[in-house]
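Below: one structure, written as structure tokens.
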Amino acid sequence: MAFEKELGKMFGKESVSPYYIYLFDDCIYVEGVKKLCVLSEDKIVFQTKNAIITLSGNMKITDSGKGYIAIAGKVNSAEIKRDDR
């Protein structure tokens, strides 16, 4: 999956993160979400403790709760910007 390869390039296999991203066949589950910033047909942007994550593709949020979101659909690209304030 292209999304998984991009994460590996950005953080390497041994990195420790304040959030967790679980990849399934047709769903992405993210723990550690502080705030949902943008939700549109082709983009989902959310903030974690130390990063802002932008996912682009054909997706929709299927579930959310305190500190997590579940996203269904196809992710074409991911951008992760560290925010170490």
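Residue indices begin at 1 and follow the sequence shown. Being a predicted model, the structure only gives us computed values, none of them experimental.
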Give every residue pair that meets the ring pair (Phe, Tyr, Trp, His ring centres under 6.0 Å) criterion with at least one member in residues 34-57, sequence neighbours excluded. none
Ring pair (Phe, Tyr, Trp, His ring centres under 6.0 Å) pairs, two or more places apart, involving residues 53-75: Tyr29-Tyr68
With sequence neighbours excluded, residues passing side chain to side chain contact (heavy atoms under 4.5 Å, CB included) with Ala72: Thr62
Listing, residues 52-60 side-chain donor-acceptor contacts under 3.5 Å, not counting sequence neighbours, or none:
none

Just list the side-chain donor-acceptor pairs under 3.5 Å for residues 33-45, sequence neighbours left out, or say none.
| unit_1 | atom_1 | unit_2 | atom_2 | d |
| --- | --- | --- | --- | --- |
| Ser40 | OG | Asp42 | OD1 | 3.1 |
| Ser40 | OG | Lys43 | N | 3.2 |
| Ser40 | OG | Lys43 | O | 3.3 |

